[in-house]
A.B. asks: 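Take this structure first; my questions come after.
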Protein chains: 2
Amino acid sequence: MAESLRLTVDRRSPVPLYYQVAEQLEQAIGSGQLSPGFKLDNEISLADQLGLSRPTMRRAIQELVDKGLLVRKRGVGTQVVHGRVRRELELTSLFDDLRATGQKPATKVLVNQVEPAPAEVADELGFAEGDEVLHLERLRLADEKPLAVLRNWLPANVIRPTDEELENGGLYQLIRDAGTHVQVARQRIGARGATTQEARLLGGRKNDAVLTMQRTAYADSGRAIEYGDHCYRPEAYSFEVTLVER
Amino acid sequence: MAESLRLTVDRRSPVPLYYQVAEQLEQAIGSGQLSPGFKLDNEISLADQLGLSRPTMRRAIQELVDKGLLVRKRGVGTQVVHGRVRRELELTSLFDDLRATGQKPATKVLVNQVEPAPAEVADELGFAEGDEVLHLERLRLADEKPLAVLRNWLPANVIRPTDEELENGGLYQLIRDAGTHVQVARQRIGARGATTQEARLLGGRKNDAVLTMQRTAYADSGRAIEYGDHCYRPEAYSFEVTLVER
DNA sequence: AAGTGGTCTAGACCACTTT
DNA sequence: AAGTGGTCTAGACCACTTA
């Protein structure tokens with residue numbers, strides 16, 4: 001089957017070649033230009049068409065396989081996955097997520113102080129109990145409606161934001177601005193009934209179901225940079241994950 | 001810093017070299033032989049020590065970066081991530097998960113019949129409304145206690161299990177046994193209050209918080225192979241995800 | 001300046017699937 | 001037998017970080 005795409009690469013660009021190709025393929029799939037089930041040319045042929053080596057073309061394809069947009073089968077070929085493409089869970093903050101989807105995020109700061117780490121927090125961050133940590137509690141709103149209660153603890157020497165800084169952007173933006181790069185985060189997602197305080201903040205009743213997420217994030221130095229314990233109004237928020245068999 | 005590890009590769013083994021190395025590194029991290037914060041030798045040195053090319057060594061390291069066990073930083077090096085390692089969300093069935101963690105899984109079959117696809121299901125599977133699908137409803141128990149209500153719909157020609165087969169293993173095992181390889185699954189995780197029926201099955205009350213998961217799985221042919229709508233007792237189950245910035 | 005990971009090449013051989 | 005993706009090599013040059 002012939003390729004109906006016009007892929008191009010710009011070798012003067014600082015953007016990696018594999019990334020340029022992956023982006024164009026992703027866009028072609030997202031726009032429907034490549035329909036579900038469409039069979040791509042083989043890797044060597046595609047590489048030749050673009051003037052790339054096979055490993056580079058292969059890496060471009062692998063990016064989309066990892067995202068769940070393409071499937072590969074040895075001896076057979078590479079095909080576009082059937083089914084709709086949804087927005088993925090990424091290593092971005094809720095604040096950025098909301099802004100990206102056109103909802104108007106807002107933040108109300110409830111707690112912003114340095115205090116000794118509670119046992120659970122010290123455990124998650126790899127600290128000793130009682131070491132000083134920055135404790136944040138925020139109510140996150142989207143389009144003026146309460147969405148989530150966000151509790152976070154950070155090592156005291158990462159950031160010291162003002163309430164105003166917390167109201168104007170996401171936590172991860174502040175961490176990035178401080179020159180710290182978050183590379184890995186482990187999340188545990190669950191559910192429970194809302195506490196009285198949570199229900200009041202979120203505008204529901206005690207024991208209403210809330211979606212919960214506990215997260216520990218690590219900087220590229222390998223050290224723990226943040227522990228978060230969040231709860232969300234489940235009518236307004238859910239997590240999406242794509243799993244790929246490798 | 002010198003490497004304190006004894007990594008070896010067996011070139012006669014059919015197991016890929018990068019995978020052999022990744023496995024040994026993962027085990028060394030998991031066993032504590034490589035402590036959090038430990039700095040690995042650079043890629044070229046490690047490759048030389050093992051008699052591998054740099055791309056192969058690099059791929060071994062990348063596997064563990066993707067799993068969130070290592071972090072890399074250009075100009076600096078590769079380090080073991082601080083913090084505990086948890087079991088990951090993988091493309092396995094709940095049944096296998098439970099067995100792997102030593103809990104005794106059991107299944108009670110509630111529905112096992114072929115019927116016309118409801119609108120939502122047809123939409124998720126990419127079928128026309130009314131096309132025939134296999135509809136399953138199961139109550140999953142762990143150590144004799146109810147854990148989850150599992151509702152699944154599959155194209156009618158994938159499997160036709162007996163109730164007994166469903167009671168003795170996981171759905172994914174049956175799909176694999178039928179020669180179908182599941183490569184990609186998209187999951188949406190949320191929460192809500194239990195319905196009356198769910199509360200009765202799970203041994204709770206109506207409106208108790210339940211953790212929910214909707215999943216669409218795709219075979220390596222790219223076609224949708226399963227849609228599932230599950231709910232879990234949140235005291236007994238949660239999802240874990242590792243996010244990696246690439 | 002030295003060392004690190006990030007990208008890229010141009011091949012090679014193999015395992016698996018389909019014809 | 002032909003075609004596909006999976007693995008692997010032995011280099012190369014570059015960008016970034018640290019000293």
Side-chain angles (χ1 to χ4, degrees), chain A residues 1-3 9-23 38-66 70-80 179-181 183-184 219-222 244-246, chain B residues 1-3 9-23 38-66 70-80 179-181 183-184 219-222 244-246:
Chain A
M1 179 183 286
E3 197 63 27
V9 292
D10 176 4
R11 300 193 90 99
R12 293 163 313 174
S13 163
V15 178
L17 300 176
Y18 77 87
Y19 194 85
Q20 292 184 33
V21 177
E23 264 189 329
F38 182 86
K39 189 165 170 296
L40 265 61
D41 284 353
N42 69 62
E43 300 175 346
I44 295 174
S45 164
L46 284 171
D48 283 349
Q49 291 170 37
L50 283 162
L52 299 173
S53 69
R54 183 184 167 203
T56 301
M57 188 63 222
R58 204 175 145 68
R59 174 150 185 199
I61 292 173
Q62 186 63 45
E63 291 280 315
L64 301 189
V65 171
D66 288 344
L70 297 176
V71 287
R72 284 201 284 205
K73 203 174 174 184
R74 173 151 40 171
V76 178
T78 304
Q79 282 181 282
V80 177
T180 301
H181 181 213
Q183 193 174 22
V184 188
D220 50 15
S221 63
V244 179
E245 184 79 27
R246 310 194 60 171
Chain B
M1 179 184 287
E3 197 62 26
V9 291
D10 176 3
R11 298 194 91 97
R12 293 164 313 176
S13 163
V15 177
L17 300 176
Y18 76 89
Y19 194 84
Q20 291 184 35
V21 177
E23 264 189 327
F38 182 87
K39 189 163 171 294
L40 266 60
D41 284 354
N42 69 61
E43 300 175 346
I44 295 174
S45 163
L46 284 171
D48 283 349
Q49 291 169 38
L50 284 162
L52 298 173
S53 69
R54 183 184 166 204
T56 301
M57 189 62 221
R58 203 175 147 68
R59 174 151 186 199
I61 293 173
Q62 187 61 46
E63 291 279 315
L64 300 189
V65 171
D66 289 343
L70 296 175
V71 288
R72 284 199 284 204
K73 203 174 174 185
R74 172 153 38 173
V76 179
T78 304
Q79 284 182 282
V80 177
T180 300
H181 181 214
Q183 193 175 18
V184 188
D220 50 16
S221 63
V244 179
E245 184 79 25
R246 308 195 61 172

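Residue numbers start from 1 in every chain, and the chains themselves are labelled A, B, ... in the order their sequence lines are given, proteins ahead of strands. All figures in this text were calculated on a predicted structure; none of them were measured in a lab.
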A.B. asks: Report yes if some heavy atom in the side chain of Gln183(B) is under 4.5 Å from a heavy atom in the side chain of Leu70(A); otherwise report no.
C.D. replies: no
A.B. asks: Round to a whole Å and report the spacing from CG of Asp41(B) to P of dG3(C).
C.D. replies: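 Roughly 14 Å, once rounded to whole Å.
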A.B. asks: Quick check on dT4(C): is either OP1 or OP2 less than 4.0 Å from any side-chain nitrogen or oxygen of Arg72(B)?
C.D. replies: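 Answer is no, no contact under 4.0 Å.
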A.B. asks: Counting side-chain heavy atoms from CB outward, which of dT9(D), dC8(C), dC16(C) is closest to Arg11(B)?
C.D. replies: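 When the side chain of Arg11(B) is considered, dT9(D) is the closest of dT9(D), dC8(C), dC16(C).
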A.B. asks: Compare the minimum distances between each of dA10(D), dG5(C), dT7(C) and the side chain of Pro55(B), then state the nucleotide with the smallest one.
C.D. replies: dA10(D)
A.B. asks: Quick one: look up who dT18(D) pairs with, Watson-Crick or G-U, both distances under 3.5 Å, and put none if it's unpaired.
C.D. replies: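 When the pairing criteria are applied, dA1(C) turns out to be the nucleotide that pairs with dT18(D).
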A.B. asks: Checking all strands, does Leu17(B) fall into the base, sugar-phosphate, or nothing category for heavy-atom contacts under 4.0 angstrom?
C.D. replies: sugar-phosphate
A.B. asks: Answer yes or no: is there a side-chain heavy-atom contact under 4.5 Å between Arg74(A) and Asp220(B)?
C.D. replies: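 They are not in side-chain contact.
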A.B. asks: Which whole-number value in Å describes the distance from Arg59(A) CZ to dG5(D) P?
C.D. replies: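 Interatomic distance, CZ of Arg59(A) to P of dG5(D): 19 Å.
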A.B. asks: Using the side-chain heavy atoms of Arg74(A), tell me which of these nucleotides is nearest: dT9(D), dG5(C), dT4(D).
C.D. replies: dT4(D)
A.B. asks: Take the protein atom NE2 of His181(B) and the nucleotide atom C1' of dT17(C), then report the distance between them rounded to whole Å.
C.D. replies: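 It is 15 Å, rounded to the nearest whole Å.
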A.B. asks: Taking any heavy-atom pair under 4.0 Å as a contact, classify Pro16(A): base, sugar-phosphate, or nothing.
C.D. replies: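 Contact class for Pro16(A): sugar-phosphate only.
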A.B. asks: Choosing from dA10(D), dG5(C), dT7(D), which nucleotide comes nearest the side chain of Arg58(A)?
C.D. replies: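 Output: dT7(D).
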A.B. asks: Check the pair Leu17(B), Gln20(B) against side chain to side chain contact (heavy atoms under 4.5 Å, CB included), reporting the backbone distance first and the verdict last.
C.D. replies: CA-CA 5 Å; Leu17(B) 300 176; Gln20(B) 291 184 35; 4.1 Å; yes
A.B. asks: 5'-most contact on DNA chain C: Gly51(A) or Ile44(B), nearest heavy atom basis?
C.D. replies: Ile44(B)
A.B. asks: Is the phosphate of dT9(D), meaning OP1 or OP2, less than 4.0 Å from a side-chain N or O of Thr56(B)?
C.D. replies: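 It does, given that an N or O in the side chain of Thr56(B) lies less than 4.0 Å from OP1 or OP2 of dT9(D).
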A.B. asks: Without decimals, in angstroms, what is the distance between Arg12(B) CZ and dC13(C) P?
C.D. replies: 22 Å
A.B. asks: Is there a side-chain contact between Val244(B) and Val71(B) in this structure, where contact means two heavy atoms from C-beta onward sitting under 4.5 Å apart?
C.D. replies: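 Val244(B) vs Val71(B): side chains apart.
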A.B. asks: Using side-chain heavy atoms (C-beta onward) and a distance below 4.5 Å, is Leu40(A) in contact with Val80(A)?
C.D. replies: yes
A.B. asks: So, is Asn42(A) near the phosphate of dG3(D), with a side-chain N or O under 4.0 Å from OP1 or OP2?
C.D. replies: no
A.B. asks: Give none if dA10(C) has no partner; otherwise give the nucleotide forming a Watson-Crick or G-U wobble pair with it, both distances under 3.5 Å.
C.D. replies: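 Pairing partner, where one exists within any strand: dT9(D).
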A.B. asks: Does OP1 or OP2 of dT7(C) have a side-chain N or O of Tyr18(A) closer than 4.0 Å?
C.D. replies: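 It does, given that an N or O in the side chain of Tyr18(A) lies less than 4.0 Å from OP1 or OP2 of dT7(C).
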A.B. asks: Can you measure Arg54(A) atom CZ to dG3(D) atom C1' for me and round it to whole angstrom units?
C.D. replies: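 Taking CZ of Arg54(A) and C1' of dG3(D), I get 12 Å after rounding.
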A.B. asks: How many whole angstroms separate atom CG of Asp48(B) from atom C1' of dT9(D)?
C.D. replies: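 Rounding to the nearest Å, CG of Asp48(B) and C1' of dT9(D) are 13 Å apart.
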A.B. asks: Rounding to an integer number of Å, can you tell me how far Lys73(A) NZ sits from dG3(D) C1'?
C.D. replies: 15 Å
A.B. asks: Using a cut-off of strictly less than 4.0 Å, decide whether Thr78(A) has a side-chain nitrogen or oxygen near OP1 or OP2 of dT4(D).
C.D. replies: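 So the side chain of Thr78(A) is outside the cut-off, no N or O lying under 4.0 Å from OP1 or OP2 of dT4(D).
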A.B. asks: Report the distance from atom CD of Gln20(A) to atom P of dT7(C), rounded to the nearest whole Å.
C.D. replies: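 Checked: the CD to P distance equals 12 Å.
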A.B. asks: Any side-chain heavy atom of Leu46(A) within less than 4.5 Å of one from Ile61(A)?
C.D. replies: yes
